[in-house]
Amino acid sequence: MFNKTHNQDKTLSKIIKQFNGLKKIEAFDIISKLETLLFYAPNPVNFEDSDTFAISGIKQNRDIDPFQFTLLPNGNLCEFIGCNDFLHLYKEHKRFVPDWPIFSTYYYKSKYAPLEMIKLTKQNLKESFKGTAEQNRIEPFLLQNKIKAKDYISKRLLLLDAY
């Protein structure tokens, strides 16, 4: 028991030293990305090829982000609001601003970049899905709708139903 705990303490100490000089929010962002990466990692963990972890999760049709929330570098929480088979959408909860639609900021993660939180804009969506199968679904939607268009009844972003 002592040896196992001692080894964990040594490993944790090595990891913590890597955070020296970082702001807390940057460290939390790295930890969040590590959690997602470990979610997709095979068991036992093998760090021979870390790029394949995110890809292996995508190929097996797992969730893009299993945690349903994330922290932004500014310290605000982004809460999961909906998804489809290639996109997870998040809404930023601003601490000192009223929760009115004009102040709403949305972010997304895609199956092509499950570790990146990207601000939801037309240009970012076009760039993220350029050359992919989803490009044919995204571009016609963007030509016909506003990026934050919602269904009147369900209040769900129409982007999630883009076909």
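Counting begins at 1 with the first residue of the sequence.
For the residue pair Lys148 and Ser104, no side-chain donor N or O sits within less than 3.5 Å of a side-chain acceptor on the partner.
With values rounded to the nearest 0.5 angstrom, Ile147 atom CD1 is found 10.5 Å from Gln123 atom CD. Separating the CG atom in Leu87 from the CG atom in Leu157 is a distance of 9.5 Å, to the nearest 0.5 Å. The distance from the CD atom of Glu116 to the OG atom of Ser110 is 7.5 Å, given to the nearest 0.5 Å. Expressed to the nearest 0.5 Å, how far OH of Tyr107 lies from CD1 of Ile81 amounts to 12.5 Å.
Ion pairing of Arg137 with Asp85 is present here, as a side-chain N (NZ or NE/NH1/NH2) and a carboxylate O approach within less than 4.0 Å.
A donor-acceptor pair is defined here as one N or O able to donate and one able to accept, closer than 3.5 Å; such a pair exists between the side chain of Thr11 and the backbone of Asn7. Listed for the Asn145 side chain is a donor-acceptor partner under 3.5 Å among the backbone atoms of Phe141. The backbone N or O of Lys119 lies less than 3.5 Å from a partner atom in the side chain of Asn124, making a donor-acceptor pair. Remark: side-chain polar atoms of Lys126 are not paired, donor with acceptor, to backbone N or O of Glu139 under 3.5 angstrom.
Ring to ring, Phe86 and Phe129 are close: their centroids are under 6.0 angstrom apart. The ring of Tyr108 has its center no closer than 6.0 angstrom to the ring center of His88.
Remark: of the listed residues Lys91, His93, Lys94, Lys94 is the sole one forming a side chain to side chain donor-acceptor pair (under 3.5 Å) with Thr105.
Considering all non-hydrogen atoms of both residues, Phe19 and Ala27 come closest at CD2-CB, 3.6 Å. In terms of heavy-atom proximity, Met117 sits nearest to Lys109 at CE-CE, 3.9 Å.
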